[in-house]
Amino acid sequence: MTPATLPDALFSPRSIALVGASGDENKHASLPHQYLRRHGYGGEIFPINANRDSVFGERAYKNVDQIGKPVDHAFIMLPTHSVVDAVTDCCRAGVRCATILSNGFAESGGSGPDRQRELVDMARDGGMRLLGPNSLGIINLPDHVALSANEILSLPELKAGRYSLISQSGSLIGAVLSRGQERGLGFAKMVSVGNEADLGVAEIGEMLIDDPATDAILLFLETVRNPSGLASMARRAFGAGKPVIAFRVGRSEVGEKLAASHTGAIIGNGAAMDAFLRDIGVIRVETLDAFLEIGPLVKGRRPPLGRRVSVMSTTGGGGTLVIDAMSRHDVEIVAPSESAVRNLAEQGITISRTPLVDLTLAGTNPRTYGAVLRELMASRDCDLVVPVVGSSSQFRPDRAVFPITSAVKHDPAKPVAVFLTPHAEASLSLLSEADVAAFRTPESCADAIRAYFDWRAPRQILPAVLPNGIAELLEAAQGDSLDAKAAGAIFAQLGVPMASEWILPAEMSAIEQMSLGDMAYPAVAKILSQDITHKTEVGGVVVGCADEAALKAACRQILASVRKAAPDASLSGIQVQPMLRGIGEALLGYGLDPTVGPVVTLGVGGVLTEIYRDVSVRIAPVDVDEARRMIAEVRGFAPLRGYRGMDLGDIEALAKAIAAFSRLAFFDVEEAEINPVLIGRQGDGVVALDALLIKGGRRDES
């Protein structure tokens, strides 16, 4: 028999060894055997049980070696201490791949990671690939392979479909499959990756790109263990026209890693992970319902250019529910065009040019509903149409759904997201069969629309452009934490405009002897120390120094306050800058996320940044075009964009500063921040007023 390819052995094995199989139908170790046969698996099953001659009528073996026939896939269900011997046995028998249900490895801590590494090394030496440990297995519905202990497989029938799921949570496979069945949604392949000791999300995703039965790939993520592999897979999937859709749970550790700066506090909610997924072309949803239902909305499409939505409904309240849900996102609700109103009037149908086309009860007539929907779908003035259907979708599903499925069939190019206000399972199933995206709640409908509009093509990887002198400045800096003067010199070398400054000594007696009359007044005085990050918290800043006497008094106050609040801090001096005014302030942050690597953050500057959390995050570095998009995402910068006739800010200068600052990604820097960057009127530029930088390796011990 020809050896199976890895994808075939994983998803469509011709033979399966169930290692640790139980003949007691009430035990979990018996479930994979029962499920395989219940759902039509036609290959050979070899139960491995040293205490039985047969299991469920099929001959049992003491070990895999004893089978004497080729085995494509082994499913190992043994206590932790017995798994190593089972893997050894499988390697010796030439098994192509093995799924390890057993836990007690890397996820358990202690010696678990060492046990897991031993398994992987052993499998690689034996030419076998591993799924897991801690994996609930795989389900291949089109080919009738139900190789899992998940009890959702107790259902007598399972609907196959065109979407495949890779999940880092084993139990979620059952939840997704169960909820999908209720909606009439089927799946192609479902994989629980467990600990990803060997086979992981990225490599399995690569297999699904090549799978003709898979139209889109769903990812249930708790973390990203192989960011470069996932990025490569997602980019290839995008090129192949197979959307990758992610539902992410859990929070990034970046907040703990970047606690020294404002930036760490404001992106500790997983924003770096979200930025990474968007960067590589992954569609990210925030609700489980949208995760299940978004597939038909994105399948076969490319990212949209606009964010305009037309909403039509037979129930004003239902339409308003969706509009209210979408209002929390950057979505424009548009009224029908004059030509649409005119064309419908010629058919005897009257609608108003309002954001919600409320057809009332008259709209339940399929002819009326279908005509309005087709007209909205044909319009170039919207990018997506939301048809809302009321009670008729529950009690007259054929009548309610027919005009929608007909219109979509006639014009499949225009995206449609249907919201059914009642509990209407039959209509949901009919829409699913027609491959029309349909939603049970206004929130999931709005989330899916937001995710579709946020979808972007994978961002081009920027070439490494290394400004001269940065590495030398970093190497020359004393210690890992740089004071504002040393950090500012690095930012200036990157191309970030820095404020002019004078550095006074950290001794008041020396300052008293100095002539400070030629400085630019009014001035601001700030403590200079590599040990003090938040200067205002230790009384290290005084603004509005009008003259020499006021500046010296400010220095006296600063030194006294800082030495009391931070007696062990090393003081480099006092930094004096002219008091500058602009029309806005920005925060620029840089840090290394422990999962996805270098990120750059933009927010409104000042001491309240952490409270508002109004920020835009990207994987660093970014170019000027991407920096402009970051600026557009920060709501607090609306005044700088000319809101209600206000003066325009120098957005272009800010974008150039962001792009320059983000090139820290090319150097050994763990964390950096400028807060604030002062933004002038259009044409006046920007200037950085403060600087923080921490070199790489500062927290290796953690």
Side-chain angles (χ1 to χ4, degrees), residues 283 285 290 293-294 296-298 301-347 349-360 362-364 368-390 403-404 406-408 410-421 431 436-439 441-456 629 632-633 635 638 641-644:
I283 301 164
V285 295
E293 296 161 342
I294 193 176
L297 182 60
V298 299
R301 303 192 189 281
R302 283 310 204 208
L305 298 177
R307 303 178 72 92
R308 302 166 303 170
V309 176
S310 290
V311 182
M312 59 175 290
S313 178
T314 58
T315 159
T320 303
L321 283 173
V322 174
I323 290 175
D324 284 349
M326 286 190 291
S327 70
R328 291 189 283 273
H329 309 295
D330 182 21
V331 174
E332 181 185 0
I333 311 299
V334 295
S337 65
E338 290 183 7
S339 62
V341 174
R342 185 170 56 251
N343 292 342
L344 288 168
E346 292 173 356
Q347 301 174 56
I349 300 171
T350 302
I351 64 170
S352 301
R353 293 202 67 205
T354 54
L356 172 60
V357 180
D358 186 2
L359 302 177
T360 67
T364 58
T368 300
Y369 198 95
V372 175
L373 177 56
R374 286 193 299 272
E375 198 63 48
L376 294 179
M377 292 176 66
S379 173
R380 294 183 178 181
D381 296 331
C382 73
D383 305 296
L384 182 147
V385 180
V386 178
V388 180
V389 188
I404 299 174
S406 297
V408 171
H410 179 262
D411 182 12
K414 180 61 67 73
V416 169
V418 181
F419 169 51
L420 307 180
T421 60
L431 290 165
V436 176
F439 300 88
T441 68
E443 292 79 15
S444 63
C445 185
D447 182 32
I449 292 168
R450 187 272 316 153
Y452 171 62
F453 284 150
D454 284 350
W455 185 22
R456 295 290 181 269
R629 285 188 278 271
E633 290 174 5
R635 295 183 298 276
R641 296 190 283 269
Y643 180 73
R644 293 192 174 181

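The basis for the numbers below is simple: all heavy atoms, side chains too, and nothing from hydrogens, waters or symmetry mates. All values derive from a computational prediction rather than experimental measurement.
The side-chain heavy atoms of Val322 and Pro442, taken from C-beta on, include a pair separated by under 4.5 Å. For the pair Val386/Cys445, a side-chain contact is recorded, criterion being any heavy-atom separation below 4.5 Å from C-beta on. Two residues are said to be in side-chain contact when any heavy atoms from C-beta on lie closer than 4.5 Å; Val357 and Ser310 fail this criterion.
Partners of Arg301 under the side chain to side chain donor-acceptor pair (under 3.5 Å) rule, at least two apart in sequence or in another chain, do not exist in this structure. Not counting sequence neighbours, the partners of Ala448 by the side chain to side chain contact (heavy atoms under 4.5 Å, CB included) test are Ala290, Ile294, Leu297, Phe439. Glu633 meets the side chain to side chain donor-acceptor pair (under 3.5 Å) test with Arg278, Ser616, Arg618; sequence neighbours excluded. Taking the side chain to side chain donor-acceptor pair (under 3.5 Å) definition, one finds that Asp454 meets it with Arg307, Arg450, sequence neighbours left out.
The main-chain N or O of Gly318 is never found under 3.5 Å from a side-chain atom of Ser313 such that the two would form a donor-acceptor pair. No side-chain donor-acceptor contact under 3.5 Å links Arg635 to the backbone of Ala632.
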Take Glu375 and Gln347 through the test side-chain contact (heavy atoms from CB on, under 4.5 Å) and record every step on the way to the result. CA-CA 11 Å; Glu375 198 63 48; Gln347 301 174 56; 4.3 Å; yes
Leu420 vs Leu431, test: side-chain contact (heavy atoms from CB on, under 4.5 Å). Steps then yes/no. CA-CA 11 Å; Leu420 307 180; Leu431 290 165; 4.2 Å; yes
Show your working on side-chain contact (heavy atoms from CB on, under 4.5 Å) between Ile351 and Met312 and close with a plain yes or no. CA-CA 10 Å; Ile351 64 170; Met312 59 175 290; over 6 Å; no
Test Ile404 against Val389 for side-chain contact (heavy atoms from CB on, under 4.5 Å), laying out the working first. CA-CA 10 Å; Ile404 299 174; Val389 188; 3.7 Å; yes
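When all heavy atoms are compared, the tightest approach of Ala371 to Ile349 is CB-CD1, 3.6 Å. In terms of heavy atoms, Met377 sits closest to Val408 at CE-CA, 4.0 Å. Between Lys414 and Leu376 the shortest heavy-atom distance is NZ-O, 3.9 Å. Between Ala417 and Leu384, the shortest heavy-atom contact is CB-CD2, 4.3 Å.
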Between side-chain atoms of residues 329-341 and protein atoms elsewhere (two or more places apart, or another chain), which donor-acceptor pairs fall under 3.5 Å?
from: Ser337; atom 1: OG; to: Ser339; atom 2: OG; distance (Å): 3.0
from: Ser337; atom 1: OG; to: Ala340; atom 2: N; distance (Å): 3.2

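We find the CD1-CZ distance between Ile283 and Phe453 to be 12.5 Å, quoted to the nearest 0.5 Å. The structure places CG of Leu321 at 11.0 Å from CE of Met326, a figure rounded to the nearest 0.5 Å. Atom CG of Asp411 sits about 12.5 Å away from atom OG of Ser406, to the nearest 0.5 Å. Summarising the geometry, atom OG1 belonging to Thr320 is positioned 7.5 Å from atom CG belonging to Asp358; distances are rounded to the nearest 0.5 Å. Between atom OG1 of residue Thr350 and atom CG of residue Leu359 there is a gap of 11.0 Å, rounded to the nearest 0.5 Å.
Every pair passing side chain to side chain donor-acceptor pair (under 3.5 Å) that includes a residue from residues 378-390 is listed here, sequence neighbours excluded: Arg308-Asp383.
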